[in-house]
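These notes are about the structure you will find just below.
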Amino acid sequence: MSAEAEAGGGGGGGGEVNGVQPNVTIYINNLNEKIKLEELKKSLNAVFSQFGKILEVLAFKTLKHKGQAWVVFEDVASATKALKGMQDFPFYDKPMKIQYAKTKSDVVAKADGTFVPRERRKRNDEKPEKKQKREQHHDVSQGGLGMNAYPGTYGAPPLSQLPFGAGPRVMMPEIIVPNSILFVQNLPHDTTAMVLQMFFCQYQGFKEVRTIEAKPGIAFVEYGDEGQATAAMNALQGFKIKETPMLVTYAKK
DNA sequence: AGCACA
């Protein structure tokens, strides 16, 4: 009988990468080591949640684990899309290198019932104490099981659906005045400027992203001229960082 | 370069 090497099932299909079998968890290295862990994890979450529901993002600051992270998805299909879609993606100025994780993540093993406490397998068993802390997985409730946006390549994300009626009420159509500054709305409230920059800087003429702490969910992105701003707007219109498509318009002058 | 679960 053949043991399923897949950690977590899900039936994603697809072959091994670098001799590692598909896993719900991806292993990322070549990450920028200057980024603080908390920010790194938030940004990874922001950048990867477009591929499916994320159960956990792990990164450590120890010497042996600098520049590396694990992103645990709910299913293998999401992990595979993430691996393929974000391979070499410039993240804090360094191309991400992504593989499937070699072993099953604890969070998955716990859900599985196959979890073995770490004292058993860690060679560094300096703490034989067993602490039992309750764990709550209060994940952001998002319909991650349905269709998730798979943008394919980042050079040309799809203009899948333009969220014209995205707000609670549709405003009167305004006269559109092109501007080299874009106004971005409907962002997840924890979206950082760094994360936005990673998307918007891919287009010609990118200058900067500005977020406003007091106003989460929106941002301004400036380009060298209106034509460049327009190209970026068309490319990223409706792009989903999480489940809600972003709305990109010209900023008011 | 480096596959963990602070």
Side-chain angles (χ1 to χ4, degrees), chain A residues 3-10 12-49 51-140 142 144 190 198:
Chain A
E4 294 280 344
E6 276 189 3
E16 72 215 42
V17 172
N18 291 334
V20 183
Q21 287 299 127
N23 193 307
V24 293
T25 303
I26 54 172
Y27 167 75
I28 307 159
N29 65 1
N30 197 43
L31 293 169
N32 189 326
E33 297 176 12
K34 286 174 290 190
I35 310 305
K36 293 192 294 290
L37 278 193
E38 206 177 310
E39 178 183 344
L40 181 75
K41 292 204 271 183
K42 270 178 55 182
S43 297
L44 286 168
N45 194 90
V47 143
F48 279 106
S49 58
F51 300 101
K53 179 155 179 185
I54 292 172
L55 302 182
E56 196 173 20
V57 176
L58 293 153
F60 310 91
K61 58 167 174 271
T62 55
L63 288 305
K64 196 180 169 195
H65 300 116
K66 279 191 305 182
Q68 299 155 78
W70 289 259
V71 177
V72 187
F73 286 95
E74 191 171 51
D75 52 60
V76 176
S78 301
T80 299
K81 287 187 285 187
L83 186 149
K84 293 182 175 160
M86 297 299 272
Q87 192 65 265
D88 295 314
F89 182 85
F91 189 72
Y92 294 107
D93 302 319
K94 300 189 68 181
M96 287 197 259
K97 298 297 175 187
I98 312 175
Q99 300 165 60
Y100 292 113
K102 285 180 180 162
T103 59
K104 187 186 288 186
S105 297
D106 281 1
V107 66
V108 176
K110 283 170 183 169
D112 240 21
T114 60
F115 178 67
V116 178
R118 74 167 186 277
E119 295 92 33
R120 272 279 304 265
R121 49 185 170 174
K122 199 173 180 182
R123 56 187 177 187
N124 189 6
D125 54 347
E126 53 191 287
K127 285 182 182 175
E129 69 174 279
K130 50 184 169 185
K131 46 182 161 183
Q132 189 173 7
K133 57 181 170 182
R134 54 175 194 152
E135 29 182 306
Q136 300 174 316
H137 302 284
H138 42 70
D139 295 305
V140 184
Q142 51 183 12
D190 57 1
M198 287 174 218

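Every chain is numbered from 1, with letters handed out A, B, ... down the list of sequences. Note that the coordinates shown come from a computational prediction; the quantities given were computed from them, not determined experimentally.
- At least one side-chain nitrogen or oxygen of K64(A) sits closer than 4.0 Å to the OP1 or OP2 atom of dA4(B).
- Counting to the nearest Å, the P atom of dA4(B) and the CD atom of Q99(A) are 13 Å from each other.
- Ring stacking is absent between F60(A) and dA6(B), as the pair misses the limits of under 5.5 Å between centres and under 30 degrees between planes.
- The NZ-C1' distance, from K66(A) to dA4(B), rounds to 17 Å in whole Å.
- The nearest whole Å value for the distance from the CG atom in N29(A) to the C1' atom in dC3(B) is 9 Å.
- Side chain of Q99(A) to main chain of V17(A): no donor-acceptor pair is present (N/O by atom type, distance under 3.5 Å, no hydrogens or angles).
- Between the NZ atom of K104(A) and the P atom of dC5(B) there is a distance of 17 Å, rounded to whole Å.
- Atom OH in Y100(A) sits about 16 Å away from atom C1' in dC3(B), given to the nearest Å.
- Side-chain atoms of N18(A) do not come within 3.5 Å of backbone N or O of V20(A) as any donor-acceptor pair.
- Rounded to whole Å, the distance from CG on D106(A) to C1' on dA6(B) is 12 Å.
- The listed nucleotides are dA4(B), dA6(B), dG2(B); the one nearest the side chain of T62(A) is dA6(B).
- Between dA4(B) and H65(A), a contact under 4.0 Å exists linking OP1 or OP2 to a side-chain N or O.
- Between K102(A) atom NZ and dA4(B) atom P there is a gap of 9 Å when expressed in whole angstrom units.
- Between W70(A) and Y27(A), the ring planes are tilted. Angles from 30° to 60° get that label.
- Here the P atom of nucleotide dC3(B) and the CG atom of N30(A) are 14 Å apart, to the nearest Å.
- Residue S105(A) places a side-chain atom within donor-acceptor reach of the base of dA4(B), judged by atom type and a 3.5 Å distance cut-off alone.
- Within 6.0 Å of the NZ atom in K94(A), the count of heavy atoms belonging to other residues, nucleotides or ligands exceeds 12.
- Side chains of E33(A) and Y92(A): a donor-acceptor N/O pair is absent below 3.5 angstrom, by distance only.
- Between K61(A) and W70(A), the residue whose closest nucleotide on DNA chain B is further toward the 5' end is W70(A).
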